[in-house]
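The structure under discussion appears below in the form of structure tokens.
Quantities reported herein were computed from a predicted structural model and do not represent experimental measurements.
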Amino acid sequence: MFRTKRSGLVRRLWRSRAPAEGDADTGTRGTAGCCLGKPGGGKPNPGTEAELKALTYSILKKIKEKQLDVLLQAVESKGGAKSPCLLLPAKVDARLGQQSYPLPLLLYKVFRWPDLRHSSELKRLSCCESYGKLNPELVCCNPHHMSRLCELESPPPPYSKYPTDFLKPPDSPGSASTETGGTVYSAPMGFSADSLALQERGEQPHWCVVAYWEEKTRVGRLYSVQESSLDIFYDLPQGTGFCLGQLASDNKSQLVQTVRAKIGYGIQLSREADGVWVYNRSCYPIFIKSATLDNPDSRTLLVHKVFPGFSIKAFDFQKAKSLRRPNDHEFSLQPPTVFTVQISFVKGWGQCYTRQFISSCPCWLEVIFNNR
């Protein structure tokens, strides 16, 4: 019997489905505490593997061959290759076990998140044609045009459990520190002068600039961002953006080189109507510190963990305008019209980790916002 191309595509798609027990995320889950977006534990069991396979096959065989090509490109590249929208009817339901799922949700479960339960857990990426549209007849079902939403956890008490001497960073020309109320704050030097220089030159079109650091050393120049979204990556099969792999670095640290290689597809930074979102496209967690993520009354900023495939609103311009943190030395160093977000790849810092300061992290970013 001759096998059609459609049948071959369906089989390849089924083989590329997401691991049922999150095997792809092994080593990235971490512990609770200063974390965001922890994947759900346990293996969901709404139906048997045979039921899921039969249902998936029956759905995929109804999709046009060209659309199957689009879906396969997105799934096999794990979102690394740019793929168009997969527009399918929004109101078609499929039953798996005792539960009924809309067609888009089922495809997201099969190819990305087996533990996904409801569409409210998702955020559509700004690159998608269905972004911002309410109840369209056709909705994009490309699983890599979606991300999971992070949820803030309850913050720890607003005091440090570590002795002051333990928190002090090592003396170095690349950092400055001060003590306030028994807690030490530290900030790498250099970005304040850079952000002031950008404003003095009158570079208005950019809405932010990005600096890449390896431990206490900044690598390369500031990257000015004019487009509404930016991919920041080490190695991406297709696409343009800020490629960290092309920057010349003199750092010979084995840890830095290891973490640098794990950046992979990196992150996507996008300015949207409600603020600035960060989408973790890599296979490892990222760690974020932002003034607008936490309670304005807290004495220090928490570091939040964002797992692969999750998005977080890392910065809120409206909230930032009314934000006052007189005790936070890191933000008191900034010019009044500029705020920053710090993002570390793979390794975290702060009170939940052995590294107390981001300048101890192997590879990290500083996003400097133009708040004019």
Side-chain angles (χ1 to χ4, degrees), residues 17-22 24-25 28-29 32 35-47 52 55-56 59 71 74-75 79 85-155 229 267-268 270-281 285-286 288 290 292-294 304-316 318-319:
R17 67 191 183 279
E21 296 185 51
D25 291 333
T28 66
R29 292 180 183 268
C35 302
L36 285 174
K38 295 192 298 298
K43 180 178 178 179
N45 189 28
L52 179 61
L55 179 60
T56 304
I59 290 174
L71 181 58
V75 171
C85 288
L86 176 63
L87 298 175
L88 298 174
K91 298 181 180 180
V92 175
D93 289 341
R95 180 165 291 278
L96 181 62
Q98 300 299 316
Q99 297 188 20
S100 180
Y101 296 96
L103 175 59
L105 192 66
L106 182 67
L107 292 179
Y108 303 151
K109 284 176 64 67
V110 171
F111 294 110
R112 290 207 70 181
W113 303 289
D115 65 327
L116 183 65
R117 293 176 177 83
H118 196 271
S119 59
S120 61
E121 302 172 34
L122 298 171
K123 179 191 181 299
R124 194 170 295 280
L125 300 176
S126 59
C127 63
C128 183
E129 288 181 23
S130 298
Y131 176 79
K133 295 182 179 179
L134 297 175
N135 304 317
E137 290 291 327
L138 298 176
V139 65
C140 177
C141 298
N142 187 328
H144 287 278
H145 284 192
M146 302 295 292
S147 64
R148 292 286 289 271
L149 276 170
C150 288
E151 295 182 1
L152 286 166
E153 295 187 351
S154 299
S229 66
I267 65 171
Q268 184 176 89
S270 60
R271 178 168 185 175
E272 303 179 24
D274 60 342
V276 178
W277 287 80
V278 173
Y279 168 47
N280 184 2
R281 303 182 66 188
I286 60 173
I288 295 183
S290 169
T292 64
L293 276 176
D294 298 320
H304 301 282
K305 188 176 186 178
V306 182
F307 285 90
F310 280 72
S311 283
I312 183 173
K313 186 166 77 169
F315 196 79
D316 186 319
Q318 294 301 317
K319 186 176 180 181

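At least one side-chain heavy atom of L87 sits less than 4.5 Å from a side-chain heavy atom of S130. Two residues are said to be in side-chain contact when any heavy atoms from C-beta on lie closer than 4.5 Å; I267 and I286 meet this criterion. No side-chain heavy atom of N142 sits under 4.5 Å from any side-chain heavy atom of C128. A 4.5 Å side-chain heavy-atom check between R17 and T56 finds every atom pair outside the cut-off.
Remark: the backbone N or O of W113 is not paired with any side-chain donor or acceptor of R148 at under 3.5 angstrom. Proximity of a side-chain donor or acceptor of S290 to a complementary backbone N or O of A314 within less than 3.5 Å is detected. Put simply, the side chain of R281 never gets that close to the backbone of Q268: no donor and acceptor are under 3.5 Å apart. Although no hydrogens or angles enter the test, the distance criterion places no donor-acceptor pair under 3.5 Å between the side chain of K313 and the main chain of G275. Using modelled atom types, no side-chain atom of R112 and backbone atom of V110 make a donor-acceptor pair closer than 3.5 Å. Side chain of K109 to backbone of P114: a donor-acceptor contact under 3.5 angstrom is found.
Across all their heavy atoms, C150 and F310 have their closest contact at SG-CB, 3.7 Å. The two residues L122 and L149 have their closest heavy-atom pair at O-CD1, 3.6 Å. When all heavy atoms are compared, the tightest approach of L103 to P89 is CD2-O, 4.1 Å. When all heavy atoms are compared, the tightest approach of E121 to L116 is OE1-CD1, 3.5 Å. Across all their heavy atoms, N280 and P285 have their closest contact at ND2-CA, 3.8 Å. Residues H304 and D294 share a closest heavy-atom pair of NE2-OD1, 2.7 Å.
Between the CG atom in L106 and the CD1 atom in I59 there is a gap of 4.5 Å [rounded to 0.5 Å]. The OG atom of S126 sits 5.0 Å away from atom CD of E272, with the distance rounded to the nearest 0.5 Å. The distance from atom CD of Q318 to atom OG1 of T292, rounded to the nearest 0.5 Å, is 11.5 Å. Here the CG atom belonging to L86 is positioned 12.0 Å from the NE2 atom belonging to H144, to the nearest 0.5 angstrom. Residue W277 holds its CH2 atom at 10.0 Å from CG of D316, rounded to the nearest 0.5 Å. Atoms NE2 and CG, on H118 and L105 in that order, are 8.0 Å from each other to the nearest 0.5 Å.
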task = Begin with the C-alpha distance, continue with both residues' side-chain angles, and end with the deciding distance and a verdict on side-chain contact (heavy atoms from CB on, under 4.5 Å) for Y131 and K123.
result = CA-CA 9 Å; Y131 176 79; K123 179 191 181 299; 4.2 Å; yes

inquiry  = Applying side-chain contact (heavy atoms from CB on, under 4.5 Å) to L88 and L107, what does each step give before you reach the verdict?
reply    = CA-CA 11 Å; L88 298 174; L107 292 179; 4.0 Å; yes

request  = Apply side-chain contact (heavy atoms from CB on, under 4.5 Å) to L125 and S311, showing your working.
outcome  = CA-CA 9 Å; L125 300 176; S311 283; 4.2 Å; yes

